[in-house]
Amino acid sequence: MKRIVLLVFFILILVSFSGCYDYREINDTAMVAGISIDAGKDAAYEVSVEVIQPADSETSTPKAKVLKESGNSVEDCLKRLVNAATKELQFSHCKLILFSEAVAIQGISDLVDYFLRDPEYRSDLFLAVVSGAQASEMLSTGEKESRISSYDYAAVIENSYTETGSVVPTRLYQFPMDGELSILPVFKKNNDQFSVSGSEGFRHGKKYAEFDLKFTQSVLLVSGEYKQGELLLFTDDGVEVPCQIKGVKTKKKIVGEDPLTVSVTVDCDILLTTLPVGFDISTEESMNETESEIARLLTKKLQEDWKTAYEENYSDIFGLEIYVYRHAPKKYENLNGKKADFKVQCDVELANFGISNERIYE
Amino acid sequence: MKGKTQENDLIQKEQPPFPDFKINSKGDLSQNAFLSSDLSENRAMLQRVFAGDGTFICRDFSTEKPGLASCFAVYFDGLIKNEIVFESVIRPIIEADIPVTSAEILSRRVILNVDTEIISTAKECFDAMMMGDSVIFLDGCSQAVVASTKGFPVRTPQEPTGEKALLGPREGFTESVMMNVAMIHRKLKTVDFHAEPMTFGTRTQCRAFLCYLGSIVQPELLKEVKRRLAKIDMDGVLDANYIVEQISDQPRSLFRTVGLTERPDVVAGGLLEGRIALVLDGTPVVLEMPYIFAETFQVAEDYYQNFWFASIGRLLRVICYFLSITVPGIFVSLVSYHQELLPTDLALSVAQARVGVPFPLGVECFLMIVIFEVLREASQRLPDSIAQALSIVGAIVIGDAAVSARFIGSTTLIIVAFSGITGLISPRLENSVIVLRFWLLFCGSVLGLYGVLFGFLGIVLYLMSMKSFGVPYLSYCFSPHVQDQKDILIRAPWWVMRNRPAFFSMDVTRRKG
């Protein structure tokens, strides 16, 4: 008898932990791949979702369908979409949220907050801005071309970050809610195709500046999140120096008190894809000179980009004030609105590049 | 066990004729009697007792030579070897040059047999005949001589089908108990080897030997095994499982607490670790006691190949066992309750595969597992040629037609096939795998991942509560001592395994020569 009571008790506990009410057949749900949020004409927002429709047969590929609803809040729009859909919408596989330019200017903090609080959304989905077109247009490209555009564009963001270092892949959980600065990638429409055109800086959740792809590379280099990619430097004479950067190690250190100076050392391997005019790597001595010259050019570029962002736009997009705030809060308080200084030092090592191996080490 | 002696019921030889030898409810003789000195009386008694047995043979023979009394030999046709009877019994008696006047002379000086015995009661006579021996009666002598003439057909040792090994010995036990004991004895050439004779079943009189190494086995363990064996009371023991179910700590359990093996090397290895083996007549399987959970993942080949490969193989078996029981349950719970945990591509392909399938995923999985088990069971029992045809039909019908007809989803088919194949890797756990797979599938279908987790915890708790002859069933599995772990998940090199398992053996140090 005691055993039976224990068993019943155990089952009751088990059922209270979980239960059949959660049950849903996977083919009775519709997976949402991406969401776009535009400013509405009649209402505040116009929300579109890209829904994946599983293929009818084993050999065919899944298709996408875009559903659109407008409402006074994103939640309102999503509820309307749920009611309109023939299947239960499942947001757990959503990988991309797109904001239109108008919404970005208006502010996206509340929207990001809404998605962060809802446990059904993955917190690692990408955020991006669509410039020069409606965000829903970008989702609709998949519907036309029989592909799932949200997943494709999410892959574009990821690849651009890891392969070219020209995009900051901001995920949902990385978007700052406390006034810190953030960068989101921007997609622009060119000949009916959307591609990454640069980045937009956000302060207090609102767009305040636009940056091109090269600027984004500088931000990633200084922040230490640069993986690899092509970087175009220019000599004082305007000669192009195309560099392929790998193995970036960035170190930051507070070195000066008045003015507060943050020293950033960027240590990287650079592969010269073509040897620019005026550069020589035939001897060890000339190679050292070339390395020093490239390091100088890189330092100059980073310093200039920092000046553009920090001094002209007063944007700590390079995260140096945040660094001071986190590592020396008292010094940050002493700043008291004053600007910090930034000293960058690059240490470059030319990487061996295959075919011209013999020439380098002659 | 050997029937109780019926000394009290003995009828004095001065009280002929013989009793009726009625059979009691246990199939044993209700009475016993001394043999008569009158040849014809003995013959009449035997013919009366075995009147219904057509294999009973009574061979009379005599000679003209002086001093040789009339005699006859009795035996069962088919249980003896004719050549042995002729060469070692009949010919020596007929050609004897000395006067054969007593059983003593007959046994010691005439019969040319390796094993003879003088008996004086009817029951001894019957028992000897049942074992395939011949009994020779002399006129004027109230004793008879038993000569070992066993010659019933016995299978020669072959490679065990259930425990195949690419390396190591290929011999397996046969149905002959003596041959089996000899195979073990041949590997353990020590005076420490004990083989205590026993019999089981009042009607079958199944011979058995309890084998152990006296200086290694724990006396308490031996005592407990003997106590449980002594309690067995049944009329027929035809196979090892008759004994297993009666001496197991948990006879209703899905898991074995008594080991079964077809390999003499495995038994010898077990005895060297302090285990006890019971060798039964009529079955090519030997029982090993105690038996712990970790042994289910060990195979003989582990010890005959490089320890790296042996360890990888054993780890694979462990992993596959857990995958086999958990994969269907986890798959159903993920797809039906926790779709967000699935990688997107997998979720898409599962959703795509399930379009148009009429059954809920849990039911679909259940049906597929049942079909798989039906096919497996059928192919196991059928002759090879038909089994192959069955496999092809099963593969085509289930693998192709059922998926094309949207009867089942292709992902479900893959999951069930994977679970089925991994379940076959540990044949010793095959039976428990089937039941546990259904149990975790049920838990996963009704309660999701929590269900699988709690279902699995229930299995672990159950295993932890089990014992085999007083030894915890999960012994060594969670032991913090490194020495104990050297033959559990992996097989450490021999030079590292210096100790015997402490639970079984008295002297734990070993393997140093």
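Proteins get letters first, then strands, A, B, ... in listed order; numbering begins at 1 in each.
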So which of G458(B), A351(B), A347(B), S336(B) has the biggest tally of heavy-atom pairs under 4.5 Å with chain A? S336(B)
Less than 4.5 Å to any heavy atom of chain B: does that hold for the side chain of Y151(A), its backbone, both, or neither? side chain
Salt-bridge contact E340(B)-R122(A) (side-chain N to carboxylate O under 4.0 Å): no
Is it the case that over 12 heavy atoms from other parts of the model lie below 6.0 angstrom from the CE atom of M464(B)? no
Side chain, backbone, both or neither: which part of Q53(A) has a non-hydrogen atom closer than 4.5 Å to chain B? neither
Separation between CD1 of I26(A) and CG of L346(B), rounded to the nearest 0.5 Å: 7.5 Å
Heavy-atom closest pair (P360(B) atom, Y23(A) atom, distance to 0.1 Å) is CB-OH, 3.4 Å
List the atom of H93(A), the atom of L342(B), and the distance in Å for their closest heavy-atom pair. CE1-O, 2.9 Å
Exactly one candidate in V335(B), V357(B), L361(B) meets side chain to side chain contact (heavy atoms under 4.5 Å, CB included) with E25(A); the answer is L361(B)
Close contacts, residues 64-89 of chain A versus chain B, judged by heavy atoms under 4.5 Å: none
Looking at R227(B), I'd like to know if its CZ atom is crowded, meaning that more than 12 non-hydrogen atoms belonging to other residues, nucleotides or ligands lie closer than 6.0 Å. yes
Does a sphere of radius 6.0 Å around CZ in F407(B) hold more than 12 heavy atoms from other residues, nucleotides or ligands, not counting ones at 6.0 Å or beyond? no
Measuring only between side-chain heavy atoms, which start at C-beta, is M31(A) closer than 4.5 Å to Q339(B)? no
Examine distances only and state if a side-chain atom of N27(A) and a backbone atom of R354(B) form a donor-acceptor pair shorter than 3.5 Å. yes
